[in-house]
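Atoms within each ligand, like the ligands themselves, are counted from 1 in listed order. Not measured: the values here are computed from a predicted model.
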Amino acid sequence: MRKPIIAGNWKMNKTIKKSVEFARELGETLNDCPDMEIVIFPPFTALYAVANVVRDTNILFGAQNMYFEPAGAYTGEVSPLMLADIGVHYVILGHSERREILGETDEIINLKMKAALNYRMKPILCVGEKIEEREKGKAEDVVHNQLVKDLHDISKDEMVKTVLAYEPLWAIGTGKTASPEDANKMHAFIRETIISLYDKRTASKVRIQYGGSVRPDNIDILMAQPEIDGALVGGASLDVESFAKIVRFKRSVLSFDDK
Ligand code: 13P
């Protein structure tokens, strides 16, 4: 059985004050959702303050990125040791905005994966194709290649702690969501890839989130897909009411026991 995981990636938004207010309100609003994981990803400046607010709630928190070395002369970077020090549970790695805008390579992402796991933080590894790649019929090749490189030398035990997020670039912040069937098909392909890299048992435990214009009005149908185990939400996670509605998605007849 895979526990659903709904996460809010705030990206470069919110001051400390707004982050703390949000976390407090969310904790009160969602205090009765025990059978799932709810994770928020505030900006670095607000992480410590948010950690203190969510400590006694069922909201987990994570970082949107990190460097792979524990300490040293890396001006401007934040280390896994520093994040572990404030009790970070999850870290988003390989987000397409970092790959595209900050030039992050699969080799760097792989080093970050290993570092996060070494410090007992769970990575949410993002993969996904660009629109041109999809139009050329290369979406699966692109995602396969990212998985093979980003997961290089990650053990089975580490893999089951890792969450994957399929985020097609053309669906991020555009209002265009992948159709539930297309998303499910890619998730099934991702799971097949994990079977080929590991084994069936490992793959059956790995949760795969969908990300890209997830909103309260499309979450039910996305979560009804057998291969979709959660959502990584950007824009719609910045407002308590809309994020709480997403977390309270309507369970379909397909129970999570069947997933
Ligand atoms: P949007 O939900 O704003 O499309 O962003 C998705 C995303 O990039 C989450 O990591």
Requested in this report: Have a look at ligand 1 and work out which part of L232, if any, has a heavy atom under 4.0 Å from it: side chain, backbone, both or neither.
Outcome: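 Near ligand 1, L232 shows its backbone as well as its side chain.
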Query raised in the report: At a non-hydrogen distance cut-off of under 4.0 Å, which region of A171 contacts ligand 1 (side chain, backbone, both, or neither)?
Result: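 Backbone only.
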With a cut-off of 4.0 Å, which atoms of ligand 1 are near a heavy atom of [X]?
X    : value
S213 : 1 (P), 2 (O), 4 (O)
N9   : 9 (C), 10 (O)
G212 : 4 (O), 6 (C)
G235 : 1 (P), 2 (O), 3 (O)

Query raised in the report: Can you tell me if NZ on K138 sees more than 12 non-hydrogen neighbours from other groups inside 6.0 Å?
Result: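 No, not enclosed.
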Distance-only criterion, 3.5 Å: show the donor-acceptor pairs between side-chain atoms of residues 143-153 and protein atoms not counting sequence neighbours.
residue	atom	partner	partner atom	Å
Q146	OE1	G128	N	2.9
Q146	NE2	G128	O	3.4
D150	OD2	R99	NH2	2.8

Query raised in the report: Is there a nitrogen or oxygen of H95 sitting under 3.5 Å from a nitrogen or oxygen of ligand 1?
Result: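 For ligand 1, there is an N or O atom that lies under 3.5 Å from one belonging to H95.
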Query - Identity of the nearest option to atom 5 (O) of ligand 1, non-hydrogen atoms only, from E167, R215, K11, E97 - result: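 Shortest heavy-atom distance from atom 5 (O) of ligand 1: K11.
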Report task. Identify which one of R207, R2, K3 satisfies the salt bridge (charged side-chain N to carboxylate O under 4.0 Å, His left out) criterion when paired with E37. Result ->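 Only one option passes, and that is R207.
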Requested in this report: Apply the test side-chain hydrogen bond (donor to acceptor under 3.5 Å, both in side chains) to residues W170 and E129: give CA-CA distance (whole Å), side-chain angles for both, the deciding distance (0.1 Å), then the verdict.
Outcome: CA-CA 8 Å; W170 45 271; E129 81 287 355; 3.0 Å; yes
Query raised in the report: In terms of side-chain geometry, is the basic nitrogen of K17 or E21 positioned less than 4.0 Å from the acidic oxygen of its partner?
Result: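 Yes.
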Query - For atom 2 (O) of ligand 1, closest protein heavy-atom neighbour - result: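 Ranking protein heavy atoms by distance from atom 2 (O) of ligand 1, first comes G234 N, 2.9 Å.
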Query - atom 4 (O) of ligand 1 - nearest protein heavy atom and its distance - result: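 Going atom by atom, the protein heavy atom closest to atom 4 (O) of ligand 1 ends up being G173 N, 2.6 Å.
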Report task. Not counting sequence neighbours, list each pair that qualifies as a ring pair (Phe, Tyr, Trp, His ring centres under 6.0 Å) and has a residue in residues 28-55. Result ->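 Matches after skipping sequence neighbours: none remain.
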Query raised in the report: How long is the span from the CG atom in L93 to the SG atom in C126, to the nearest 0.5 Å?
Result: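 Spacing of CG (L93) from SG (C126) equals 8.0 Å.
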Requested in this report: Search all heavy atoms of M113 against all heavy atoms of P123 and return the closest pair with its distance.
Outcome: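 The pair with the smallest heavy-atom distance is SD-CB, 3.7 Å.
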Query - Non-hydrogen atom of G211 closer than 4.0 Å to ligand 1 - result: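 No heavy atom of G211 comes that close to ligand 1.
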